[in-house]
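Worksheet: the structure to be examined is printed underneath.
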Amino acid sequence: MPKNKLLLIDGNSIAFRAFYAVQNYESFKTKTGLHTNAVLFFNNMLESILEKETPTHVLIAFDAGKTTFRHAFFEDYKAGRSKTPGEFKEQMPYIRELIEAQGIEHYELMDYEADDIIGTLAKQVASDEFEVVVISGDKDLTQLAEENIRVEVTSRGVSELVTYTPEFIKEKYGLEPLQIIDMKGLAGDNSDNIPGVTRVGEKTALKLLHEYGTVEGLYEHIDDLKASKMKENLINDKEQALMSKRLATIDIKAPIDVNVENLTYEGKNLEKLIPFYRQMEFKQLLSKLDTSGLGENSEPMEEVKYQFIEKYEDISEEMFGPNMSFYVETLDKNYHTAEVEAVAWGSKDTIYVALKDEALHSEKMKKWLEDTNQTKNVYDAKANYVLLRRYDIELSGIAFDSLLGAYLIDTNDKSEDLAALAFNHEYFLLESDEAIYGKGAKMAIPEDQIISEHLARKIIALEYLKPVLMEKLEDKEQTDLFFEMELPLSKVLGKMESTGITVNAQRLQEMKQEFAIRLKEIEERIYEQAGEEFNINSPKQLGVILFEKMELPVIKKTKTGYSTAVDVLEQLKDQAPIVSDILDYRQVAKIQSTYVEGLLKVIQSDGKIHTRYVQTLTQTGRLSSVDPNLQNIPVRLEEGRKIRQAFVPRSADWQIFSSDYSQIELRVLADIAKDEHMRDAFLEGQDIHTSTAMRVFGVETPEEVTGNIRRQAKAVNFGIVYGISDYGLSQNLGISRAEAQRFIDTYFEKYPDIKTYMEEIVRDAKDKGYVETLWHRRRYLPDINARNFNIRSFAERTAINTPIQGSAADILKIAMIEMAKRLKEEKMEATMLLQVHDELVFEAPKSEIPKLEALVKDVMENAVALSVPLKVDSSTGETWYDAK
DNA sequence: CTTATCACG
DNA sequence: ACGTACGTGATAAGA
């Protein structure tokens, strides 16, 4: 019969170590703002110990009561400890809950410490039949070590354990385990405020104990010691030494009421652990749990039933119907070029799977996908629109998209695939793509049956998700946002992505040559001034040259060394001409590598660039653009702006047309905050920054507003939108903080409604835990009640900014949908190409431009009705550069 | 795979 | 007193 093994864990000390296992515990937090770092690391540590020790019995002991029997003879026991942080305290109840869910007993005894419970039980139980393992973050426990008691002490946070057996203690200190108490008696312990003997530390104590064995032994022979300061101290502190020893002695006769037979460990309690992990938002841990046998979404899955389609000719009309789910698998994220690995469709009990793109060659499939009345339920509608278009299929009749739905429900959802998304919505039956295909270099297609089953299960997950997500959308009043805005938009965006924008590669090649020559020139000048060659692109090497070799003053540092960012270099420009050259080099090198070479690399065989808009990423509702990013093509500096000359219309007699909203965020703010002064300025068509300048700086007429004053007012307006701070504004304007604060004070005095809005939205966010746009797009702000000033302030600024930036994003989305509709109705050739947050870019036959201009203006300005007018500025040109 | 830098709204 | 503006993506270095 295998030996029994009792695991005894010091709950308090491990919890404490777990809490301090990470520096920044603010990033471990639930949506409602509860910290979870200690719970998480406690859990991880517990699991790793259980796995390593495979105990038959487990108990976790906790301290209880404010005073223990130790306080009875030493008031100041554990005094002077810094207060435990509230972020730690709030997690203690959850740690107990975790322990229960892990299927483990915990115990505490009034006025006793965990040490005493552990000591008593360990000594009771340890025998040749029962091995005992003690886990603690505290070395005190090592006094318990004996033949059948092993003590493990954490080191380096909670990641490693050091084993204390009698042999180890002998080797390390030359002591028996029990002499650990004598060592504490003499040397004391700062953390528990055990005094020990004055000026005696670990080293002296060891020396004395090697000689005399115990504290008592030492005092018996105290007269043998040579006269010394130490001897005096020992004599003076005799009582204190004896008391200290008593304090450090673990009570192995505590009146505990625990029977080891009740401590058997039989594994996790999944019924408790799953909801608990969910509450803690431990998604990683959840996904690793074996959830088989737990309710209907986690029933052990017998083999999934599906019909395997060998050849597209085998596809028949009976295989299709309305209200089915559809899924196309690609391994590469870029659906413009990705190869199709498998296609699946069907409903809960009838599922069809075909490998590769076989199914997409079926005319019946095409007919079903294109039929608006044959509704389909998908994951990532936009990807499907674009990908199917490559097979000459115009997807239509999309009734639901789980990816889009989950994003609206929680913009924070970082699910990498359908399995993770489903998991977040209580569906546990789908394996992750990573588990099926692997990742990185090891990514590969498994055998036919594995991938087919995986796809079939995806269909089941999609069928499950639709009603679940719909209900959640309804709860949040987001059904309109979903069905009227995001879902129609996905079709419009898909069209734009498929269309792509024509790029003049030759123009880019010319620029590449020119820039290469210029870089060479600047490079040589830099090397000459530096007196050596080095990698200018390396901030590290550049820092050495500028701040060590050339001894320029260090203005700012980064975590890793000297900062060489623009604002720093700008300040150093006058001190050494090399700095200007470096700035030039940086500017040109950026344009060359990111834009000229970067764009050349992504021109497809059709001579166009096809970006992908990520519709489910930003926290505010904006789009983002990847592969390549076409939303950050240079415009501010002439040098870079020339890149836009390479963006051209599809044919010679067409033109590029661009329209952008003027001051859309400030208009949205004026509307949301109901500020009459700002609203009047917009209603009267005034220049908003001039108007702000007049009010804030007390200028009588617009003519008197100088360029500089307007610039400052503009910075204040920007600051307002971002959730202003004196520091931020002072940095931006290069003024003092006090001055910046005066600007802000005056601004709020002149625009009291803006001030009220900011206060109200922050209060509202603290109250509800989230903020919303005008169209109910929601962003949760778990940090809004954080105790840490910086973290809380950041959340407060976000609360101010998100409804503004987000509502502006909503407006452009509405305009885009309407624009696509009108272009179709009017049967125009003009095509929408790009969206850059407040700007839409089109291409159109020259002859159509006047009509397009009127139409775009009408659609954009009337997309929504705010209490202030919306205004657009438009321009046309032979290239994107010329449309300015 | 993280850090610093810099491009855009 | 605390130390920052809001939202993104791509590139090159250097662990």
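Naming: A, B, ... by sequence-line order, numbering from 1 per chain.
Counting any heavy atom pair closer than 4.0 Å across all strands shown, Asn632(A) reaches a base atom. Counting non-hydrogen atoms under 4.0 angstrom, Arg636(A) reaches a base of the nucleic acid. Contacts of Val626(A) with the nucleic acid, taken as non-hydrogen atoms under 4.0 Å apart, involve only primed sugar atoms and P, OP1 or OP2. Among the protein residues, Gln619(A) comes within range of the sugar-phosphate backbone only, with heavy atoms under 4.0 Å from sugar or phosphate atoms but none that close to a base. At the heavy-atom level, Asn732(A) lies under 4.0 Å from base atoms of the strands shown. Counting any heavy atom pair closer than 4.0 Å across all strands shown, Ile724(A) reaches a base atom. Among the protein residues, Ala795(A) comes within range of no part of the nucleic acid, since none of its heavy atoms lies under 4.0 Å from any strand. Among the heavy atoms of the strands lying under 4.0 Å from Thr798(A) are primed sugar atoms or P, OP1, OP2 only; no base atom is included. Counting non-hydrogen atoms under 4.0 angstrom, Arg787(A) reaches nothing in the nucleic acid. Contact annotation for Ser793(A): no contact, since no heavy-atom pair falls under 4.0 Å across all strands. Looking at heavy-atom distances under 4.0 Å, Val566(A) makes contact with sugar-phosphate atoms alone, never a base. Using a 4.0 Å heavy-atom criterion, one finds that Gln541(A) contacts the sugar-phosphate atoms exclusively. Across all strands, Asp660(A) comes closer than 4.0 Å to no nucleic acid atom at all (heavy-atom distances). Residue contacts for Ile633(A): at a heavy-atom cut-off of 4.0 Å it reaches the sugar-phosphate backbone alone, with no base atom in range.
Considering only side-chain N and O atoms, Thr564(A) lies under 4.0 angstrom from the phosphate OP1 or OP2 of dT5(B). Regarding contacts with the backbone of dG14(C), a side-chain N or O of Ser538(A) is found under 4.0 angstrom from either OP1 or OP2. Listed pair Lys590(A) / dA12(C) fails the phosphate criterion, with no side-chain N or O lying under 4.0 Å from OP1 or OP2. Close to dT5(B), at under 4.0 Å from its OP1 or OP2, lies no side-chain N or O of Arg586(A). Using a 4.0 Å cut-off, some side-chain N or O of Thr560(A) falls inside it from OP1 or OP2 of dA4(B).
If you take atom P in dC2(C) and the same atom in dA7(B), they sit 32 Å apart, rounded to whole Å. Taking atom P on both nucleotides, dC6(B) is separated from dA5(C) by 15 Å, rounded to a whole Å. When the P atom is compared between dT4(C) and dT3(B), the two are found 15 Å apart, to the nearest whole Å.
Tyr613(A) places its OH atom 17 Å from the P atom of dT8(C), with the value rounded to the nearest Å. For the pair Gln592(A) CD and dA10(C) P, the interatomic distance rounds to 18 Å; values are reported in whole Å. Note: CZ (Phe789(A)) to P (dA1(C)) measures 11 Å, nearest angstrom. In this structure, the CD atom of Glu570(A) is 14 Å from the C1' atom of dT5(B), given to the nearest Å. Asn537(A) places its CG atom 19 Å from the P atom of dA10(C), with the value rounded to the nearest Å. Following rounding to the nearest Å, Tyr595(A) (OH) and dG9(C) (P) show an atom-to-atom distance of 13 Å.
Ring geometry for Phe647(A) against Trp880(A) counts as perpendicular: the plane angle is over 60°, on a 0 to 90° scale with 30° as the lower cut. Below 30°, between 30° and 60°, or above 60°: for Phe547(A) and Tyr562(A) the angle between ring planes is between 30° and 60°, a tilted geometry.
When both pairing distances are held under 3.5 Å, dC2(C) makes no Watson-Crick or G-U pair with any nucleotide shown. Using the Watson-Crick or G-U wobble rule with both distances under 3.5 Å, dA4(B) pairs with dT11(C).
A salt bridge between Arg763(A) and Glu760(A) is absent, with no side-chain N of the basic residue lying under 4.0 Å from a carboxylate O of the acidic one. By the 4.0 Å N-to-carboxylate-O rule, Glu796(A) lies close enough to Lys766(A) to be salt-bridged with it. Under the 4.0 Å criterion applied to side-chain N and carboxylate O atoms, Asp627(A) and Lys333(A) are not assigned as salt-bridge partners.
Evaluation of atom-type donor-acceptor distances gives no pair under 3.5 Å for the side chain of Ser624(A) against the base of dT8(C). A donor-acceptor contact under 3.5 Å links the side chain of Gln805(A) to the base of dC6(C). Between the side chain of Arg797(A) and the base of dG7(C), no donor-acceptor pair of N or O atoms lies under 3.5 Å.
No donor-acceptor distance shorter than 3.5 angstrom exists from the side chain of Ser658(A) to the backbone of Val841(A), with no hydrogens or angles considered.
Out of dG7(C), dT3(B), dG9(C), the shortest distance to the side chain of Asn801(A) is found at dG7(C). Side-chain proximity of Asn629(A) to dG9(C), dG7(C), dT4(C): nearest is dG9(C). If you check dC2(C), dT8(C), dT4(C) against the side chain of Arg737(A), the one that comes closest is dT4(C). Of all nucleotides listed (dT5(B), dA12(C), dG7(C)), dT5(B) comes nearest to the side chain of Pro539(A). Counting only heavy atoms from C-beta on, Lys540(A) has its side chain closest to dG14(C) among dG14(C), dG3(C), dT11(C). Here dG9(B) is the nucleotide among dG9(B), dA4(B), dA7(B) with the atom lying nearest to any side-chain atom of Tyr722(A). For Val836(A), taking side-chain heavy atoms from C-beta onward, the closest of the listed nucleotides dG9(B), dG14(C), dT4(C) is dG9(B).
With a 6.0 Å cutoff to the six-membered ring centre and a 45° limit on the axis angle, Lys884(A) counts as a cation-pi contact of Tyr881(A).
Here the rule is side-chain hydrogen bond (donor to acceptor under 3.5 Å, both in side chains) with Arg518(A), and of Glu523(A), Glu639(A), Gln513(A), Gln592(A) only Glu639(A) fits it.
Note that CZ of Arg667(A) is 14.5 Å distant from CD1 of Ile804(A), once rounded to the nearest 0.5 Å.
Sequence order on DNA chain C of the closest nucleotides to Arg779(A) and Asp726(A) puts Asp726(A) first from the 5' end.
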